[in-house]
Amino acid sequence: MNATEVVAYVGLGSNLDDPSRQVRVALEELNRLPRTRVLRHSALYRSAPLGPPDQPDFVNAVAMLDTQLDAHALLDGLQLIEQRHGRVREVRWGPRTLDLDLLLFADRQIDSVRLQVPHPQLHKRAFVLVPLHEIAADLELPGLGPLAELLAGVSRAGLQRIEGTVDV
Ligand code: ROI
């Protein structure tokens, strides 16, 4: 256990079984992880699927956490929440009830068997960059540069902010 508090960012995604509800419930569950609080979260976004197109649109969001867990303990917590939502890893890039990706963990770069931070696809995905920018516009991503510059390099086609989202 690492007693230092760090700020971490988690990407949420769902395209099965009432995706908006999956994401809202997951935000509450993130807030209940040990030694962890959700400081802020983005609105929910509807996004066209990346990967096979014959699957429903996704709902995506990003949460900013404050945590005293170390990165791997936080990953364990994220995977437990995914499992509670009935996450089964079947089709690669196929539909899922809940995906929780550890995007950033303080300013650290981590490359272990289980975990790569920053998330390796982060800089290519508008459905991550846009909600991240909504809650942390001035962020510098370790090894990748300013978030605002990464955002300028991706298309927002197929991404739509869903109004009326609530706070945790
Ligand atoms: N596509 C979108 N739009 N949002 C996601 O969260 C998402 N997650 C995935 C794959 C299947 C790659 N496609 C996605 O895991």
Side-chain angles (χ1 to χ4, degrees), residues 8-31 33 36 38-65 71-72 74-105 110-137 139 141 143-144 147-148 150-166 168:
Y9 293 86
V10 172
L12 302 93
S14 169
N15 73 342
L16 289 178
D17 297 345
D18 193 352
S20 293
R21 202 186 125 266
Q22 298 287 346
V23 169
R24 285 173 204 277
V25 171
L27 286 168
E28 288 166 11
E29 290 171 321
L30 288 174
N31 199 44
L33 285 174
T36 302
V38 174
L39 297 179
R40 211 180 279 179
H41 66 79
S42 72
L44 273 53
Y45 288 77
R46 188 177 320 287
S47 65
L50 173 72
D54 57 339
Q55 57 179 321
D57 280 352
F58 277 79
V59 170
N60 285 107
V62 170
M64 176 200 281
L65 313 179
H72 287 86
L74 179 57
L75 179 65
D76 290 339
L78 300 183
Q79 291 182 346
L80 278 174
I81 295 173
E82 285 180 343
Q83 283 162 21
R84 279 210 296 273
H85 287 246
R87 165 88 193 255
V88 194
R89 287 174 184 267
E90 280 170 354
V91 184
R92 183 169 144 83
W93 285 34
R96 57 234 19 239
T97 42
L98 184 67
D99 209 1
L100 297 177
D101 288 332
L102 182 49
L103 303 171
L104 298 167
F105 190 82
I110 302 168
D111 194 353
S112 77
V113 180
R114 288 182 63 206
L115 183 61
Q116 284 174 279
V117 175
H119 187 279
Q121 302 298 319
L122 165 67
H123 58 292
K124 298 182 200 159
R125 296 182 168 182
F127 63 79
V128 176
L129 296 177
V130 171
L132 184 58
H133 187 260
E134 184 190 328
I135 58 171
L139 208 61
L141 282 66
L144 294 168
L147 174 57
L150 297 173
L151 195 59
V154 297
S155 160
R156 294 179 191 224
L159 185 68
Q160 187 188 2
R161 194 173 193 270
I162 306 173
E163 298 298 333
T165 54
V166 293
V168 238

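Please read these numbers as outputs of a predicted model, since none were measured by experiment. Note that ligands are numbered from 1 as they come in the structure, with each ligand's atoms numbered from 1 the same way.
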Any side-chain donor near an acceptor of the partner, Q55 and N15, under 3.5 Å: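 Side chains of Q55 and N15: pair found under 3.5 Å.
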Donor-acceptor pair between N60 and S47 side chains, under 3.5 angstrom: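 N60 vs S47: donor-acceptor pair found between side chains.
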Pairwise salt bridge (Lys or Arg N to Asp or Glu O under 4.0 Å) hits with a residue in residues 44-55, at least two apart: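 Every pair satisfying salt bridge (Lys or Arg N to Asp or Glu O under 4.0 Å) with a residue in residues 44-55: there are none.
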Qualifying salt bridge (Lys or Arg N to Asp or Glu O under 4.0 Å) pairs with a residue from residues 113-136, counting only residues at least two apart or across chains: D76-R114, E134-R161
Exercise: identify the closest heavy-atom pair between L144 and L150: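 Nearest pair, atom of L144 first, then L150: O-CD2, 3.8 Å.
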Does ligand 1 have any N/O pairs with the protein under 3.5 Å, and how far apart?
{"unit_1": "ligand 1", "atom_1": "1 (N)", "unit_2": "L50", "atom_2": "N", "d": "3.0"}
{"unit_1": "ligand 1", "atom_1": "3 (N)", "unit_2": "S47", "atom_2": "OG", "d": "2.8"}
{"unit_1": "ligand 1", "atom_1": "3 (N)", "unit_2": "A48", "atom_2": "O", "d": "2.8"}
{"unit_1": "ligand 1", "atom_1": "4 (N)", "unit_2": "N60", "atom_2": "OD1", "d": "3.0"}
{"unit_1": "ligand 1", "atom_1": "6 (O)", "unit_2": "N60", "atom_2": "ND2", "d": "2.8"}
{"unit_1": "ligand 1", "atom_1": "13 (N)", "unit_2": "L50", "atom_2": "O", "d": "2.8"}
{"unit_1": "ligand 1", "atom_1": "15 (O)", "unit_2": "R96", "atom_2": "NH1", "d": "3.4"}
{"unit_1": "ligand 1", "atom_1": "15 (O)", "unit_2": "D99", "atom_2": "OD2", "d": "3.3"}

For L103, side chain to side chain contact (heavy atoms under 4.5 Å, CB included) partners two or more places apart: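 Only Y9, V62, D101, H119, L122, V128 meet the side chain to side chain contact (heavy atoms under 4.5 Å, CB included) criterion with L103.
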